[in-house]
Enquirer: 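So that we are looking at the same thing, I have put the structure below in structure tokens.
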Amino acid sequence: MEITSAPINFEKSLNAEQLATVTAPDGPLFVLAAAGTGKTRTLVYRVAYLVQKGIDARRILLLTFTNRAAREMLERAQALVGGSVGGLWGGTFHHMANRILRRHAHFLQYGLDFTILDHDDSITLIKACLSELKLKGKEFPKPEVVLSLLSGAINRRQAVRAAVEQRFETHPVDPDEILRVLELYQKKKRAQNAMDFDDLLINGLRLFQEHAEVLARYQEQFLYVLVDEYQDTNPIQADWVDLIAKRNRNLLVVGDDFQSIYAWRGADYRNIMTFPERYPDAHTFKLETNYRSVPEILLVANHCIAGNPRQFQKVLRATRPAHHKPVLAILRDGGHQARYVVEQVQRLRREGHAWRDMVVLYRAHYHAMELQMELARERIPYTVTSGMRFFEQAHIKDVCSLLRILHNPGDELAFARLMSLLPGVGGKTAEKIWRTLGGRFDTRDAAQRQVLHDHLPAAAQVLWQAIVPILEKYETELKEDPAEIVFQFNKAFYDQYALDTFDDYERRMEDLQEVMNFISDFESTEEFLNEVALVTNLDAETDRMDGIAKDSLRLSTVHQAKGLEWNVVFVLWAADGMFPSNRAMTESGDDEEERRLFYVAVTRAKDELFLCVPAVRRAPDGGAQLYSPSRFITEIPPDCLRQEQIGFL
């Protein structure tokens, strides 16, 4: 027996903006939902409204970007209207494409039992391609990089050759060899009746574009199409939606152009901006009543986003009572910023806030380097939700392995890690060489250096010779200058290694530059290594005692924080060149997405917001580099912020 719920009183359940959206007539609907305005609630009630109006749930398609979001919406809709919502098609674009392809993949010459490759499967298949093409073991981009190049080009609709040439523009990599790998990868997938994650979207779109009879079936079935987070769609997803909604035109898209921050992974800002042009008869609704933040934070948010010219203007309106102004903290440098944040979170903790109610947000991972060290010293439990702790990342440990073996010839772990960076050197080979060297590698000993060279595979010998000059100069020139060691190691070897190894090469190079700047504060390699070891061990001790899952301060990039909220938010390095990033300011000349990113950071805060502006940062040459407050802050009227100029004499 089907369980149904009593009729919903929409007027009592929704505010006027939400009600107008939920009860809108048929036709294309364009819903601009600003941060914290009840976007999910509106979508759920729209589904309930349609079902209560008598629409068969099987004729509704709800598209989201995460399975979690789809489940939450379906559960909430079921709580409102009961089992009658059970037949609704809801899920991610990939999930829906897979569901349709399972019925019709034979039109594209795939078996209906095709395999979906996960990331590890795809990497394994690309490794097989490298072996078959006799590229394995050569100095060549890692499979992860090759796969990332292909995926990025597909999701941006960029020619693969152009993507390859752009990536390796200044490095000696033959684009034709990479293209041969990708061509063989596509053939092997087809031969194995397999699709990877991107193929689901590509083939889902091809199916509709090339087979009108299949498209007509789903155009007839789906009387209503609802799309969440429309600003995050890529060109393939937008075209797929337009096709499926073309007949009935009952398309509702919900999004916020102010929060379009994922261009780097294929999201196309133009999809949401051109929607009114593609659907000139669309009714537009704005959700501007914010239930999350205090009015003082919303005032800052409204001012900071107003600087973008190409957008649909929205003004967040508060429902919460007045509180106090966000803090603009003018600080000396990154170390001072770290100490300031620690003092503030300790004070807030004493005042009753849990660690988990507070977050520190930043534009780039390296912005939190000094803070992580300070948190470890103070035994404050913290979780890095945007990735690994800074000094635990692979590229940081890689360069530190050279410093470690230079400082301590008996450090077998550092030796093994350094050797693993060379082609053809695995754990067993490194162990064998270590034994041959007598369980010790004195980098000053020319005889030992020669023994090492002679026992390396041929492919590794040339690369090792590029590192040797650093070893030779360590004792006489470089011992007291660890930053210069890292610089020379990166220039001679690691830059090319990182380009071939990591799909986020640019970010890792930024991290290494910051490590060089940071190391400059230390008088010797030994002092730096001791500090890193101390902090790493303190981190581990704190984790054991407190348990990361129990209660910890959150550290996150702004990208990772989208969709979340905290009582207290700190934003680090709100300075031009840091946030907005220097790359955005110099390379693209377009700071619009950076401004949207800043807006997302501000609107994560419910009660307290701290904007931190260090004035000085160590320059690559060891001098001081002065920083100005971010343009996003200078665009905010001064009376909207409570300025604290701390620690200046």
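Here, residue 1 is the first one in the sequence, and each next residue gets the next number.
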Enquirer: Report the relative orientation of the aromatic rings in F275 and Y279; use parallel for angles under 30°, tilted for 30 to 60°, perpendicular for over 60°.
Expert: parallel
Enquirer: For R642, does the CZ atom have more than 12 heavy-atom neighbours from other residues, nucleotides or ligands under 6.0 Å away?
Expert: yes
Enquirer: Evaluate ring pair (Phe, Tyr, Trp, His ring centres under 6.0 Å) for Y218 paired with H104, printing each intermediate quantity in order.
Expert: CA-CA 12 Å; Y218 290 97; H104 309 288; 5.4 Å; yes
Enquirer: Among residues at least two apart in sequence or on other chains, which ones pass side-chain contact (heavy atoms from CB on, under 4.5 Å) with A77?
Expert: V44, V47, V85
Enquirer: So, does N203 use its side chain to make a donor-acceptor pair with the main chain of L200 at under 3.5 Å?
Expert: no
Enquirer: For R347, is the CZ atom crowded, meaning more than 12 foreign heavy atoms sit under 6.0 Å from it?
Expert: yes
Enquirer: Is a donor from one side chain sitting under 3.5 angstrom from an acceptor on the other, for R71 and N67?
Expert: no
Enquirer: Would you say the side chains of D198 and S151 form a donor-acceptor pair under 3.5 Å?
Expert: yes
Enquirer: Test your reading of the model: is there a side-chain donor-acceptor pair from R595 to the backbone of F258, 3.5 Å cut-off?
Expert: no
Enquirer: If the condition is side-chain contact (heavy atoms from CB on, under 4.5 Å), which residues does H106 pass it with, not counting sequence neighbours?
Expert: L112
Enquirer: Please tell me whether Y599 and N308 have a donor and an acceptor in their side chains that are separated by less than 3.5 angstrom.
Expert: no
Enquirer: Listed by chain and number, what are the side chain to side chain donor-acceptor pair (under 3.5 Å) partners of E17, not counting sequence neighbours?
Expert: T289, R317
Enquirer: Kindly determine whether I297 and V602 satisfy side-chain contact (heavy atoms from CB on, under 4.5 Å), including the steps that lead there.
Expert: CA-CA 7 Å; I297 289 173; V602 168; 4.1 Å; yes
Enquirer: Determine all donor-acceptor pairs shorter than 3.5 Å in which one atom belongs to a side chain in residues 87-95; sequence neighbours excluded.
Expert:
| unit_1 | atom_1 | unit_2 | atom_2 | d |
| --- | --- | --- | --- | --- |
| T92 | OG1 | H95 | N | 3.0 |

Enquirer: Within the 3.5 Å criterion, strictly below it, is a donor on N234 or D268 matched to an acceptor on the partner's side chain?
Expert: no
Enquirer: Are there more than 12 heavy atoms of other residues, nucleotides or ligands under 6.0 Å from atom NE2 of H283?
Expert: no
Enquirer: Any chance you could lay out the ring pair (Phe, Tyr, Trp, His ring centres under 6.0 Å) test for F390 and Y366, step after step, and finish with the verdict?
Expert: CA-CA 7 Å; F390 189 82; Y366 69 82; 7.6 Å; no
Enquirer: Between S148 (side chain) and E144 (backbone), is there a donor-acceptor pair under 3.5 Å?
Expert: no
Enquirer: Parallel, tilted or perpendicular: which describes the rings of H211 and F107, with under 30° parallel and over 60° perpendicular?
Expert: tilted
Enquirer: Any ring pair (Phe, Tyr, Trp, His ring centres under 6.0 Å) involving residues 299-318? Give me the pairs, sequence neighbours left out, ordered by first then second residue.
Expert: F30-F312
Enquirer: Mind jotting down which residue pairs meet the side-chain hydrogen bond (donor to acceptor under 3.5 Å, both in side chains) criterion with at least one end in residues 6-16? Sequence neighbours excluded, please.
Expert: N15-Y291
Enquirer: Kindly determine whether V294 and K606 satisfy side-chain contact (heavy atoms from CB on, under 4.5 Å), including the steps that lead there.
Expert: CA-CA 6 Å; V294 296; K606 295 163 68 174; over 6 Å; no
